[in-house]
Trainee: 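Quick one: this structure, given as structure tokens, is what I'll be asking you about.
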Amino acid sequence: MAAGPYNYSYIFKYIIIGDMGVGKSCLLHQFTEKKFMADCPHTIGVEFGTRIIEVSGQKIKLQIWDTAGQERFRAVTRSYYRGAAGALMVYDITRRSTYNHLSSWLTDARNLTNPNTVTTNDALTNPNTVIFLIGNKCDLEAQRDVTFEEAQQFADENGLMFVEASAKTGNNVEEAFLETAKKIYQNIQDGSLDLNAAESGVQHKPSQQGGRATTLTAQASTAKENCSC
Amino acid sequence: MLTNASEDADGPEGPSMDPTTMVKKLLLSPERIVCCLEARLAGPPGLGPGARRILALVQHADGRQRALFVLAHSVAGGTEVDIETVLPVTNDFICGIDTNGLDESDSHLYVRLKSPGGEPVTFAFPQGDITNSFVEQIMMSIEAALGGDHQFGWVQQYRERASRASDKEPSQPNQQTRPHTSHAQSSELDAGPRRAFSSGAPATTRETQVKFEMSRKEEAYTDIHQLSRLHRTKPVSDWLASTAEPPDIYAIGFQELDLSKEAFLFTESPKEDEWLTMVLTNLHPRASYRRVRLVRLVGMMLIVLVQERHAAYVRNVAAECVGTGIMGKMGNKGGVAVRLEVHSTSMCFVSAHLAAHVEEYERRNQDYADICHRMRFNALVSPKAIKDHDQVFWLGDLNYRITDVDVDKVKEMIERGAMEKVMEADQLRLQMAARRVFDGFHEGTVTFRPTYKYDPGTDLWDSSEKNRAPAWCDRVLWKGERIRQLHYTSHPSLRLSDHKPVKVIDPTKYRKIYEDIMKELDKYENDSLPQVSVDTTELIFGTVHFFETKTQTLTITNTGKVAVQYRFINKLNDTTYCKQWLTVDPHFSVIMPGERCEVSLEVRVDDRTASKLNTCQEKLYDILVLHLEKGKDIFITVQGDYVRSCFGVSINALVHIKTPFAEVPVSRLLDLESASPKELTHNPYVIPKELWFLVDQLQKQGIGKDLFGQSGLPAEICRIREALDTTLPETLPGSIHSVAEALLLFLASLPEPVIPNSYVVQCMESSDNFIQSKHIVSQLPPHHKNVFTYICTFLREVVDKTPPDRGGLEPTTLAKIFGGVLIRNPSAAWQQRNNMSLETLDRRKTTFVYHFLVNEIDI
């Protein structure tokens, strides 16, 4: 059977990172289920979600890893950064501490997603992982603790895409995931993301007879395979 | 159970019997029929369905594997059926809707089934819910199918019966396409690549399913699920509900609502509420609606409403206004717009009121350009312009007129119904053709009378002295994919103004249905991810002593819909999935849906791990990563409080400790274990007192009792450890064999072995030579040398007093036992470089110690 228009041609790996309680799982749930998950328990581990989206007429399958935010799991969750094409870095606009920790999350996102590239001083030159900053809980305007402007400035200074969103109302959630994909796709198109690099976080799946994926890169879960016993 | 009686094309038959019952008789008890129906083999194209068959989807006793049974009647119309073939449903199984070369009058659904390596077989199913759910079941079975390497052994016996049945007279001698799966093929068919449980759907399956779902919903989107939009310009009542089916979205545009001075100067217009109320009370009665947004600029207003059931899928709503009137800023002319996203389609509705007056078409073009240029939805993440939407709709009083045709001629042509003829003189059409405005937009065929200009409240053309030519001022245009206009009408019965309202309904049916299916598939895929619950993510073991075993159970329950393969996996940079002091059993397994697995986690600190825990280099704390194949990971935290013990403390530290070990503060221990201790006692013991207690007891009570020939009891060893740590014991508890083992454990636990690691290579190299071996021992650090000679002296005594002929161990056996604890292996690199196997190393260690058991130790 010839592959039809319903197949996806790329798989992008995303990670969602940020402090505990900023709403990472709710963002994922809102994106995959279009529902707000009230009373969401703390993630003890790494949740996994998937959705097929369309960018520039291309079907793209997003594989999203939602990591535990608790500090004690930090060392473990680092295993999952590897090979992510996109990183959604989340803070809570009503809790300044979650904003203050962004630089540490950013360092991890820069350094661990592409361990083979520059990891020392000039980490900003690493272009491969698209990092999208999300100020979540923007529906709680009355409790705002971090201004839009300062976060925008932080994002600008670090070359991040940025939006304030609400996993509760769904506002801007779709955008954050889609804009990240668009940027990754753009990076593929202009050649700045090398699909053949093992850590690109992208699998290309040219449509072909039988519709089987031709994986140019290692599985998106490279990190996990590497550490399997 | 699904059954279906299809119409009879084979002539009369006896009383028909439920196919499920017939199939059931052939199955062995553990197998279960998931669903079963009658179908026909697809005949040659155009000839309609052929011979009758029964298809049954059968589930194996294991609850996972499924196979499709194709059965034929033994005798036409009889109540006996024979198995014709059995197709294991692997994840390479293909099930597709065949739509090629079909006669439209044929009411059957043709489904093509193919197992890998087999020939495709097409069956004709009667259309209907039974068929739909049958195909759906097959699709789901494929999605959830386990890898092809599962041998489907249970299928074999049925196949054998099938081959026996085929030896009989074929029940349908003239069948054209017989499902065919030979035994030779079946082995190939079964041997697929190993696939993980609940693996993601192969692309073919997903595609097939989309096609199938699309074909199922065809009816829905043409007749029922219209995603229609009602655009509406100008004043209003029952026209909002003039279609049979309720529209999904309403976009209602108003112009010239209130041109009072107050409206110019203040943004509040009392008429806004009136109009909104009027709209809300006149919506289609068969659906309930939710207001998406109302936006107004002076006299222009746009209301967008969506059916309640779609409201959850509407996102990122924004509204903006652009005034182009007097001074280019006032709001008497211009546009208001609402943008939104439904599913993943972005839509923009622009309600516009462009410049008036017959000759001002250039001005109108400019207004259009201004609105396009200035309208930006800045509230969005990435600000969007009108053109940045998948679908754009313009509605409103665009004010383009009919020119260059005599007024009376126009009126005459309209009376004749020659609307399109008049349209040839329409400024908007002409300007669009010249690509000077609304480039790329479409407009439906105009069949309704001009909407302008009437004497207010009447259906009579403008009778004022201006005697304006009638014109289609009120228009709806669109741009974007998959928009098809259903109706484009005017509502002349509304006589509130000098315009007549215009309405358009256009379905974006395909798009929406498609999005729905994709969403369902995403949901299905997410639902098919392995899901488990664990009874706890934190296992707290409390206090843990050396050599004490503490066990806790973690219960993993499969709460998902697919079999789960779990495995504890390594963390980044780790080579094992858990710390050495922890044992997880089983560390990987498969759990069936609804079932659970009890995993035992056992903590035991032994000789390998004691010293690091003593000196705080490590803690009884670990995070395990419980990984579900093709799914999420769960972190399991394990922690306990280790109670320090003299086991695992170095010789050099112990000789300075004269109180029971438990009384030693941590700081003192850490100081003693450091590279250059600050607080040393002046007269340290010659050997650690604990070692003396152990050996002394063995000397007093153990000689002649098969020392080291039997193992101790863990519980007794724990009591011995307790006695050594907390007291200065006169005698140690437990049997002599437990004391013997405790001695070995004590030696094995030393952070630095009796023969320090820096001497190991020398030992290995000169183990054959007693003189050299003695020399090495003489070079050892004093306390290590003391311990070594002390142990060897004791062992010599054991050998002397209980020679092998009196039941004692061979000196070589003792040497082997102690060689293993007194000397440790050199580095792996050294072993590799010298090509030395572990056996060789063991032999050399034994030899080294052996010298000192059979010779005088005169060091």
Side-chain angles (χ1 to χ4, degrees), chain A residues 1-8 32-35 43-54 59 61 63 65-66 68 70 72-73 75-82 112 161-165 170-176 178-179 182 205 207 210-213 221 223-224 226-229, chain B residues 94 96 112 114 200 202-211 214 312-317 341 343-344 380-382 514 517-519 521-523 525-526 529-530 534 537-538 567-577 587-588 621 623-628 630-637:
Chain A
M1 186 183 302
Y6 313 108
N7 284 323
Y8 47 88
T32 57
E33 306 283 327
K34 313 220 186 230
K35 279 186 211 133
T43 305
I44 310 289
V46 178
E47 295 283 339
F48 178 75
T50 167
R51 199 182 128 184
I52 292 186
I53 55 157
E54 199 173 318
K59 293 273 185 308
K61 181 172 186 165
Q63 282 184 342
W65 299 88
D66 161 37
Q70 290 179 50
R72 65 192 176 109
F73 293 134
V76 188
T77 52
R78 285 189 174 118
S79 309
Y80 297 85
Y81 285 55
R82 196 174 175 131
L112 299 170
M161 297 201 277
F162 169 60
V163 72
E164 284 191 350
N171 191 29
N172 282 339
V173 173
E174 190 93 356
E175 275 64 22
L178 295 188
E179 292 296 319
K182 279 185 195 164
K205 240 188 74 167
S207 291
R212 286 263 176 268
S221 51
K224 317 198 67 170
N226 286 354
C227 58
S228 289
C229 32
Chain B
I94 293 169
R112 195 159 150 273
K114 182 180 179 299
T204 46
T205 314
R206 187 175 176 110
E207 184 186 346
T208 311
Q209 191 161 357
V210 173
K211 277 190 177 159
M214 289 302 286
Y313 309 111
V314 173
R315 292 262 185 278
N316 299 306
V317 176
E341 284 165 31
H343 298 283
S344 68
L380 301 171
V381 196
S382 49
Y514 176 80
I517 291 170
M518 290 306 278
K519 207 177 128 251
L521 289 181
D522 281 336
K523 183 169 160 37
E525 197 162 338
N526 282 313
L529 290 174
V534 289
T537 56
E538 282 190 64
R567 177 183 290 275
F568 286 91
I569 60 165
N570 300 1
K571 296 178 283 288
L572 194 65
N573 303 329
D574 280 359
T575 51
T576 53
Y577 63 87
H587 81 275
F588 66 91
Y621 182 84
I623 297 172
L624 306 181
V625 182
L626 171 61
H627 172 62
L628 309 184
K630 302 280 173 188
K632 65 176 183 179
D633 290 1
I634 299 166
F635 298 159
I636 308 292
T637 308

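Each chain gets a letter, A, B and so on, in the order the sequences are listed, and its residues count up from 1.
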Trainee: Determine whether B/Lys632 and A/Val46 make a side-chain contact, defined as any pair of heavy atoms from C-beta on separated by less than 4.5 Å.
Mentor: no

Trainee: Measuring from A/Ser79:OG to B/Ile569:CD1, what's the distance to the nearest 0.5 Å?
Mentor: 7.5 Å

Trainee: State, yes or no, whether a side-chain contact exists between A/Phe73 and B/Val625 at a heavy-atom distance under 4.5 Å.
Mentor: no

Trainee: Which heavy atom of A/Gly170 sits nearest a heavy atom of B/Arg315, and at what distance?
Mentor: O-CD, 3.7 Å

Trainee: Give, as side chain, backbone, both or neither, the part of A/Glu164 having an atom under 4.5 angstrom from any heavy atom of chain B.
Mentor: neither

Trainee: Calculate, to the nearest 0.5 Å, the distance between atoms CD1 and CD1 belonging to B/Ile634 and A/Ile44 respectively.
Mentor: 10.0 Å

Trainee: Can you name the side-chain contact (heavy atoms from CB on, under 4.5 Å) partners of B/Tyr621, sequence neighbours left out?
Mentor: A/Arg72, B/Lys619, B/Ile623, B/Thr637, B/Gln639

Trainee: Does A/Arg78 have any salt bridge (charged side-chain N to carboxylate O under 4.0 Å, His left out) partners at least two apart in sequence or in another chain, and if so, which?
Mentor: A/Asp108

Trainee: CZ of A/Phe48 to CG of B/Leu628: how many Å apart, nearest 0.5 Å?
Mentor: 11.0 Å

Trainee: Side chains of A/Thr43 and B/Phe635: closer than 4.5 Å at any heavy-atom pair?
Mentor: no

Trainee: Rounded to the nearest 0.5 Å, how far apart are CG of B/Asn316 and CG of A/Leu178?
Mentor: 9.5 Å

Trainee: Roughly how far apart are B/Leu529 CG and A/Thr32 OG1, rounded to 0.5 Å?
Mentor: 9.5 Å

